[in-house]
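In what follows, a structure is listed as structure tokens, so that the remarks can point back to it.
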Amino acid sequence: MMRHKYKTITIIIALSILFLTTARQIVHSQKYIDSDFFSFWLAGRMMLTGENPYHVDAWIEGHHKSGAEWISDNTFLYPLPAAIGFIPLGFLRIDHAYVAWVFLSQWLISAALYLLFRIWRSPTSMQFLLPIVLGVILFRPALVTLRNGQLGGMFLFLLALVIYLWENDKWVQGSIALSLVALKPQYGIPILLLLAIWLVRHKKIPALLALSVSGVLLFVLGWLIDSSWVSTFLEIASRKSQHTFGFNPTMWGISAFVCGNRSVCTFLVGGSFSLLLTLPVLIFTFRIKETLSAFHVGIVTTTTLIVTPYIWAYDQILLLIPMFLIVAYLANNGYTYLKTSLVFLAFSIMSLGLLFLASLLRTDVWSALLPILVLLALIWLYAKKTNLDLSNSQPLPDV
């Protein structure tokens with residue numbers, strides 16, 4: 001026990017040094033004052049000084065005071081309760097806050113993987129640690145998330161936590177964690193609603209109550225600062241999505257590309273394909289009898305990343321969860337180590353290949369192919385009547 005304890009402490013210290021060094025290299029290799037992360041830091045700083053990050057003049061003045069030359073948006077783009085979460089970052093200088101956030105994001109990604117390995121109750125699971133870690137390092141959305149100081153690591157951890165808690169029959173706690181995903185509403189709200197339907201199907205009433213109460217508390221938290229924050233946020237989100245519509249790596253972006261950005265064609269094609277993808281998920285939700293929480297979270301998350309109009313490539317970091325689950329399901333059903341481990345790496349290399357394609361075509365809409373292929377893999381596994389119980393595995397072949 002003591003040896004195990006010292007080993008754990010040594011690993012934590014070593015990873016902390018590695019993550020801190022990486023964070024400093026990432027932050028100080030770019031003009032951090034003109035980064036995506038600046039918006040999160042400024043929101044926290046404005047909350048500290050009693051200012052509203054939804055006020056355009058105060059938001060722009062905050063940029064000027066900090067010496068920022070690039071103003072990506074005229075106001076804060078996230079729900080107001082999210083700004084409250086950034087208050088601790090607002091206490092720090094921008095560069096120190098950026099380093100702290102990238103450092104924390106690496107730990108959150110690592111913690112998400114740790115939780116997924118904890119629910120994969122197989123004696124052979126740790127054999128896949130190296131290829132999975134290597135796949136994460138090569139995964140473009142993870143790299144962009146860290147470089148830009150985005151929030152994907154936090155939401156990846158929250159979804160992994162939901163799976164871990166639900167797989168251990170802690171439905172109330174998992175639902176509270178799920179409610180926080182709504183702080184990234186462009187994909188958080190669809191994921192939340194689809195999983196809420198799944199909770200209804202399986203009669204998880206306490207979980208639904210916890211989800212509802214948590215949602216109300218988030219609303220009230222924002223209301224205490226600005227009673228009209230919801231309508232203000234909806235207006236901001238609508239304006240932003242209109243400016244970027246058709247350029248996102250989703251089914252809507254592909255539709256806009258195929259339709260030559262003609263709006264009527266884009267809405268017809270994108271809407272039809274999105275409906276064709278979402279309806280089977282809803283039917284699956286009501287027909288399946290087993291409480292396959294991990295599988296359902298994976299398939300809902302992947303579907304959402306395909307049909308949501310407004311996301312970017314870094315948001316696809318959430319695909320690490322279904323990619324991990326695919327490896328676990330394949331390994332648990334007797335597929336060879338080599339084939340199984342190469343699946344995860346293949347998805348990561350594909351993400352880099354789609355980046356190269358984006359540079360050639362000068363559009364990133366085809367990165368939507370990645371979640372589409374992940375979804376097809378999940379559907380294939382279910383269609384083959386694969387054992388989707390993470391605690392039940394077959395012996396792993398040697399080759």
Side-chain angles (χ1 to χ4, degrees), residues 112-122 124-125 128 132 135 155-171 173-175 177-178 181 187-188 190-204 207-208 211 277-307 316-335 340 343-344 347 370-394 396:
L113 292 177
Y114 173 77
L115 290 175
L116 292 173
F117 270 109
R118 284 290 302 272
I119 63 171
W120 184 7
R121 302 178 185 92
S122 168
T124 60
S125 62
F128 294 91
I132 286 176
F155 292 108
L156 176 72
F157 170 75
L158 286 173
L159 282 176
L161 182 61
V162 170
I163 293 174
Y164 175 78
L165 292 171
W166 283 359
E167 286 283 326
N168 287 279
D169 292 324
K170 296 181 179 179
W171 296 95
Q173 298 91 322
S175 297
L178 177 61
V181 180
Y187 59 64
I191 289 174
L192 189 150
L193 291 176
L194 288 171
L195 290 178
I197 294 172
W198 184 78
L199 291 173
V200 170
R201 166 65 179 84
H202 291 283
K203 300 178 181 179
K204 304 295 183 182
L208 287 166
L211 187 61
L277 281 174
T278 306
L279 277 178
V281 174
L282 292 173
I283 294 171
F284 172 76
T285 297
F286 283 100
R287 290 189 63 182
I288 191 169
K289 297 179 180 180
E290 307 96 309
T291 312
L292 299 170
S293 53
F295 182 80
H296 207 82
V297 172
I299 205 164
V300 162
T301 300
T302 310
T303 304
T304 299
L305 291 174
I306 299 171
V307 303
Q316 292 179 353
I317 190 174
L318 300 185
L319 289 176
L320 288 175
I321 290 176
M323 286 163 55
F324 181 98
L325 294 176
I326 290 169
V327 170
Y329 296 143
L330 289 173
N332 280 9
N333 285 270
Y335 286 82
T340 304
V343 167
F344 198 96
F347 283 130
L370 183 61
I372 290 173
L373 290 174
V374 172
L375 181 62
L376 289 175
L378 290 171
I379 294 172
W380 176 78
L381 285 169
Y382 186 77
K384 284 181 66 66
K385 301 187 183 301
T386 305
N387 172 30
L388 302 176
D389 183 358
L390 291 174
S391 62
N392 187 11
S393 62
Q394 295 181 16
L396 187 70

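Heavy atoms only: backbone and side chains are in, while hydrogens, waters and symmetry mates are out.
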Nearest 0.5 Å, what's the [atom1]-[atom2] distance between [X] and [Y]?
X	Y	atom1	atom2	answer
Arg201	Leu195	CZ	CG	15.0 Å
Ile132	Leu113	CD1	CG	7.0 Å
Thr301	Ile306	OG1	CD1	11.0 Å
Leu156	Phe324	CG	CZ	11.5 Å
Leu178	Leu161	CG	CG	10.5 Å
Thr302	Ile372	OG1	CD1	11.5 Å

Aromatic plane relationship, Trp171 with Trp198 - under 30° parallel, 30 to 60° tilted, over 60° perpendicular
tilted
Considering only heavy atoms from C-beta outward, does the side chain of [X] approach that of [Y] to under 4.5 Å?
X	Y	answer
Val181	Leu192	no
Tyr382	Ile299	no
Asn332	Ser122	yes
Phe295	Leu325	no
Ser175	Leu199	yes
Leu158	Val162	no
Leu115	Leu165	no
Ile317	Phe155	no

Any sub-3.5 Å donor-acceptor pair from Glu167's side-chain atoms to Ala294's backbone N or O?
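Such a contact is found between Glu167 side chain and Ala294 backbone.
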With side chain to side chain contact (heavy atoms under 4.5 Å, CB included) as the test, would you mind laying out the steps for Tyr335 and Val343 before giving the verdict?
CA-CA 11 Å; Tyr335 286 82; Val343 167; over 6 Å; no
Atom of [X], atom of [Y] and distance for their closest heavy-atom approach:
X	Y	answer
Arg121	Arg118	CG-O, 3.9 Å
Leu370	Phe347	CD1-O, 3.7 Å
Thr340	Ala331	CG2-N, 3.9 Å
Pro322	Leu378	CB-CD1, 4.0 Å
Ala160	Ile321	N-CD1, 3.7 Å

